[in-house]
Amino acid sequence: ETMGGTMRLGARVTKFTHSHANGDMPTLQILYGKKNEVSERHRHRYEVNPDKVDEIHNAGLLFVGRDETGTRMEVAELPRSEHPFYVGCQYHPEFQSRPLAPSPPFHGLVLASCGMLDDYLESKVD
């Protein structure tokens, strides 16, 4: 009877709400052109347990993007000093990705796998 009642479907706004402890802008935010918010498509009924958010965040996995209400965690990442590209998102970036215009999360993954992410991000921060 509740099947589908909690499904998040369609475009939703994700706001970048946190920087890394050293003040660095989140990797994914830079990849999205330093926008404060993005709209991406969703198709899921998953979310992070709100009672565990602070514990997880304080342990180092930073929830840098949240929904428009600030209650749902949408983007998590580790600092690049700990991992070259440890980024997770609740939305489906493949829905807007195209062969010659890859979605920022996929673009970042390819850049990191080629060892080119840091140089690319530095060129975007200046």
Side-chain angles (χ1 to χ4, degrees):
E1 9 183 282
T2 61
M3 191 64 125
T6 59
M7 180 72 86
R8 296 194 60 178
L9 294 170
R12 303 285 179 142
V13 171
T14 295
K15 293 183 177 188
F16 291 103
T17 57
H18 291 74
S19 296
H20 290 281
N22 65 0
D24 284 352
M25 184 178 283
T27 300
L28 211 49
Q29 185 174 7
I30 298 169
L31 289 168
Y32 274 103
K34 298 192 270 185
K35 295 178 181 176
N36 291 324
E37 62 183 46
V38 296
S39 178
E40 289 280 2
R41 289 178 54 191
H42 289 69
R43 182 174 171 67
H44 65 83
R45 58 171 49 94
Y46 304 110
E47 66 181 83
V48 177
N49 181 342
D51 296 335
K52 297 292 183 180
V53 168
D54 288 339
E55 183 180 341
I56 295 167
H57 191 88
N58 293 335
L61 181 62
L62 304 180
F63 294 111
V64 298
R66 301 173 186 219
D67 76 342
E68 58 279 359
T69 68
T71 57
R72 286 191 175 93
M73 304 305 107
E74 296 287 342
V75 176
E77 60 182 51
L78 289 176
R80 287 191 318 279
S81 59
E82 292 184 35
H83 192 280
F85 191 71
Y86 195 98
V87 172
C89 55
Q90 284 276 45
Y91 48 81
H92 289 266
E94 70 273 15
F95 288 160
Q96 294 188 39
S97 200
R98 300 295 178 261
L100 298 177
S103 177
F106 292 122
H107 189 209
L109 176 63
V110 171
L111 287 168
S113 69
C114 297
M116 300 171 62
L117 180 63
D118 288 337
D119 288 342
Y120 179 83
L121 294 176
E122 285 178 27
S123 75
K124 299 300 179 187
V125 172
D126 298 332

Could you check whether any side-chain N or O of [X] sits under 3.5 Å from a backbone N or O of [Y], counting only pairs where one atom can act as donor and the other as acceptor?
X	Y	value
S103	S97	no
K124	K34	no
E77	L28	yes

Just how far is it from atom [atom1] of [X] to atom [atom2] of [Y], taken to the nearest 0.5 Å?
X	Y	atom1	atom2	result
H18	M25	NE2	CE	14.5 Å
T17	N36	OG1	CG	10.5 Å
T27	H83	OG1	NE2	11.5 Å
S113	F85	OG	CZ	10.0 Å

Exercise for the section: State which residues pass salt bridge (Lys or Arg N to Asp or Glu O under 4.0 Å) with R80; sequence neighbours excluded, sorted by chain then number. Expected result: D118

Handout entry: Contacts of K35 that satisfy salt bridge (Lys or Arg N to Asp or Glu O under 4.0 Å) - sequence neighbours left out
Key = none

Problem - Test side-chain contact (heavy atoms from CB on, under 4.5 Å) applied to N22 - qualifying residues, sequence neighbours left out - result: H20, D24

Practice task
Check side-chain contact (heavy atoms from CB on, under 4.5 Å) between T69 and all other residues, then give those that pass, not counting sequence neighbours.
Solution key: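 Once residues adjacent in sequence are excluded, the partners of T69 under the side-chain contact (heavy atoms from CB on, under 4.5 Å) criterion are D67, T71.
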
Fill in the blank from the handout: With sequence neighbours left out, the residues meeting side chain to side chain donor-acceptor pair (under 3.5 Å) with Q96 are E40

Practice task
With sequence neighbours excluded, tell me which residues meet side chain to side chain donor-acceptor pair (under 3.5 Å) with E82.
Solution key: none

Handout entry: Given V48, V75, V53, V13, the one that forms side-chain contact (heavy atoms from CB on, under 4.5 Å) with R66
Key =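 When side-chain contact (heavy atoms from CB on, under 4.5 Å) is applied between R66 and each of V48, V75, V53, V13, only V53 qualifies.
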
Result block: side-chain N/O donor-acceptor pairs under 3.5 angstrom for residues 56-64, not counting sequence neighbours:
from	atom 1	to	atom 2	distance (Å)
H57	ND1	F63	N	3.0
N58	ND2	D54	O	3.0

Answer with yes or no whether the hydrophobic clustering places [X] together with [Y]; edges join I, L, V, M, F, W, Y residues whose side-chain heavy atoms lie under 4.5 Å apart.
X	Y	value
V38	M73	no
L121	M116	yes
I30	L78	no

Fill in the blank from the handout: For F106, the ring-ring contact (aromatic ring centres under 6.0 Å, His included) test, sequence neighbours excluded, returns none

Exercise for the section: Give me the ring orientation class for F95 and H92: parallel if the planes are under 30° apart, tilted from 30 to 60°, perpendicular past 60°. Expected result: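 Parallel: the ring planes of F95 and H92 meet at under 30°.
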
Problem - Minimum heavy-atom distance between Y91 and R41, given as atom pair plus value - result: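 Nearest pair, atom of Y91 first, then R41: CB-O, 3.3 Å.
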
Exercise for the section: Taking the side chain as every heavy atom from C-beta outward, state whether Y32 and P105 have any pair of such atoms under 4.5 Å apart. Expected result: yes

Problem - Pairs satisfying salt bridge (charged side-chain N to carboxylate O under 4.0 Å, His left out), at least one member in residues 84-113, at least two apart - result: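 Listed once each, the pairs would be none.
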
